[in-house]
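Numbered from 1 within each chain, the chains take letters A, B, ... in sequence-line order. Please read these numbers as outputs of a predicted model, since none were measured by experiment. Worth knowing before you read on, the calculation uses all heavy atoms, side chains too, and leaves out hydrogens, waters and symmetry mates.
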2 protein chains.
Amino acid sequence: MSEGVEWAVHCCLNLAWADAGRGVPAARLAALYQLPAAYLNKQLQALVRDGILMSTSGPRGGFRLGRRPADITLLDIVTAIEGADEAFRCTEIRRRTPWPHTQGDFRDPCLIHQAMGRADLAWRRELAAQTLAEVKATVERSAPGLPGRTREWLAATPH
Amino acid sequence: MSEGVEWAVHCCLNLAWADAGRGVPAARLAALYQLPAAYLNKQLQALVRDGILMSTSGPRGGFRLGRRPADITLLDIVTAIEGADEAFRCTEIRRRTPWPHTQGDFRDPCLIHQAMGRADLAWRRELAAQTLAEVKATVERSAPGLPGRTREWLAATPH
DNA sequence: GTCTGCATACTCGGATAAGAGCTGTCCGAGTAGCTTAGG
DNA sequence: CCTAAGCTACTCGGACAGCTCTTATCCGAGTATGCAGAC
């Protein structure tokens, strides 16, 4: 899985803590964790494409959440960065046997594909069950001072 | 996910159908689906390393199952090819904030990592629940003639 | 006829290249705010 | 003093390289088989 997923989730969380009225530039978010700003910008673009974030150009511009944290799941973020395809790619190699096909052999879907699909579905179900709002609440219970510190630092003017 | 996983599962299934006494060369298994023989060999080596297959060199050599199909799970095969690492890599970027750390901030594990870990666990659990014996039985119900055809073709001398 | 030694062909195993995708960087389009000149 | 036009600086967005990992290939080590020759 791409490393951008980790960045994206952390950034979404930080944007949930930031002032709702203001946007946060990609460079500022990158400075928070000393990440390459331009590349992080690329990842955030993907989040914008899926409506998870909104972007504003120009001075005082930047990124903000596109919808409420309760309506953003971890699956949404992962899908935006990684794409919607499932991990296991079934290329139907079973059809390439040297002997001639018997009619009806391939009416049923590939059972290996199905088994992998079940696992993929369980993974997606678990990710979709976790909203950004829930993660945010859990983190706030674990580190009560973190939201305030983050919000202040994001709002402060960089020098 | 690597394409080798698909090949590996199909090959394990075919080896479960093959004569128990004889080994099947990688080239023969590759010919079944018109795959690059040398590269398939590389994937099968990974299965041997994890004890899923056994290999024999020389004439009349080849690969056979390393243990009973009931003791081989889909997770075993995927892990052998892809490695045991979980998909999401937590690099602990939360520790790189510009402000000084408050003691106890990082006593709890990264909650984002935990959430991703839960999804990963659900995926593994689903894969571990499916044994090769179960997949084999399901396929045999769906295509009763397939095991016999496969077994015969694998045993036939290539020309 | 039987045993032994050898040559042969076959198979796996790891070392070695090509290609694709992730990672990282750069520059241009567009915009909001500031400055400045005029009324 | 107020207004408006122009300028400046800032930000996103997409186009352009570098690098790691997957994909693919090749050759050598080892082994069972079959054959030939001697006893």
Side-chain angles (χ1 to χ4, degrees), chain A residues 1-8 11 15 18 21-31 33-64 66 78 80-83 85 87-89 91 93 154 157-159, chain B residues 1-8 11 15 18 21-31 33-64 66 78 80-83 85 87-89 91 93 154 157-159:
Chain A
M1 184 180 301
S2 169
E3 192 172 4
V5 172
E6 184 185 12
W7 303 358
C11 284
L15 287 175
R22 302 180 48 183
V24 181
R28 193 92 185 124
L29 283 169
Y33 301 120
Q34 301 167 38
L35 302 175
Y39 187 40
L40 176 63
N41 188 18
K42 194 172 177 55
Q43 312 285 5
L44 297 179
Q45 284 175 35
L47 297 178
V48 171
R49 268 194 292 274
D50 280 24
I52 298 168
L53 299 186
M54 292 177 50
S55 64
T56 316
S57 279
R60 316 264 308 164
F63 294 90
R64 70 195 71 187
V78 171
I81 303 291
E82 294 281 295
D85 294 345
F88 180 83
R89 297 168 286 171
T91 60
I93 60 174
L154 287 178
T157 60
H159 39 216
Chain B
M1 183 181 299
S2 169
E3 193 172 2
V5 173
E6 184 186 11
W7 303 358
C11 284
L15 287 175
R22 301 181 48 182
V24 182
R28 193 90 184 125
L29 283 169
Y33 301 121
Q34 300 168 37
L35 302 175
Y39 186 39
L40 176 64
N41 188 17
K42 195 173 175 54
Q43 311 285 5
L44 298 180
Q45 283 176 35
L47 297 178
V48 171
R49 268 193 293 274
D50 280 25
I52 297 168
L53 298 187
M54 291 177 51
S55 62
T56 316
S57 279
R60 317 262 311 165
F63 294 91
R64 67 195 73 184
V78 171
I81 302 291
E82 294 281 293
D85 294 345
F88 180 83
R89 296 169 287 171
T91 60
I93 59 174
L154 287 178
T157 61
H159 39 214

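Looking at B:Glu82, its side chain does come within 3.5 Å of a backbone N or O of B:Ser2 through a donor-acceptor pair. Of the possible donor and acceptor atoms, one in the side chain of B:Arg89 sits under 3.5 Å from a partner among the backbone N and O of A:Met1. Although no hydrogens or angles enter the test, the distance criterion places a donor-acceptor pair under 3.5 Å between the side chain of B:Arg64 and the main chain of B:Gly21.
Using a 4.0 Å heavy-atom cutoff across all strands shown, B:Arg22 reaches no nucleic acid atom at all.
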(message) For nucleotides 4-20 of chain C, give me one character per nucleotide, 5' to 3': B if any protein heavy atom sits under 4.0 Å from the base, S if the only such contacts are to the sugar-phosphate, - if neither.
(response) ------BBBBB------

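One interatomic measurement links the two molecules: CD of B:Glu3 to C1' of D:dC21, which rounds to 15 Å at whole-angstrom precision. Atom CE in A:Met1 sits roughly 18 Å away from atom C1' in D:dT20 (whole-Å rounding). The distance between atom CD of B:Glu82 and atom C1' of D:dT23, rounded to the nearest whole Å, is 13 Å. Rounded to whole angstrom, the span from the CD1 atom of A:Ile81 across to the C1' atom of C:dC22 amounts to 12 Å. Distance CG (B:Leu40) to C1' (D:dT22): 15 Å, rounded to an integer number of Å.
Within the structure, every side-chain polar atom (N or O) of B:Tyr39 is placed at least 4.0 Å from both OP1 and OP2 of D:dT25.
Not counting sequence neighbours, the partners of B:Tyr39 by the ring-ring contact (aromatic ring centres under 6.0 Å, His included) test are B:Trp7.
The distance from atom CD of A:Glu6 to atom CG of A:Leu35, rounded to the nearest 0.5 Å, is 8.5 Å. Rounding to the nearest 0.5 Å gives a distance of 10.0 Å between CD of A:Gln45 and CG of A:Leu40. From A:Leu154, atom CG reaches atom CZ of A:Arg28 across 6.5 Å, with rounding to the nearest 0.5 Å.
The only option from A:Leu44, A:Leu47, A:Ile52 that meets the side-chain contact (heavy atoms from CB on, under 4.5 Å) definition with A:Ile81 turns out to be A:Leu47.
For the helix from C:dG1-D:dC39 to C:dG39-D:dC1, the end axes, each set by the C1' atoms of five terminal pairs, are bent relative to each other by 0° (nearest 10°).
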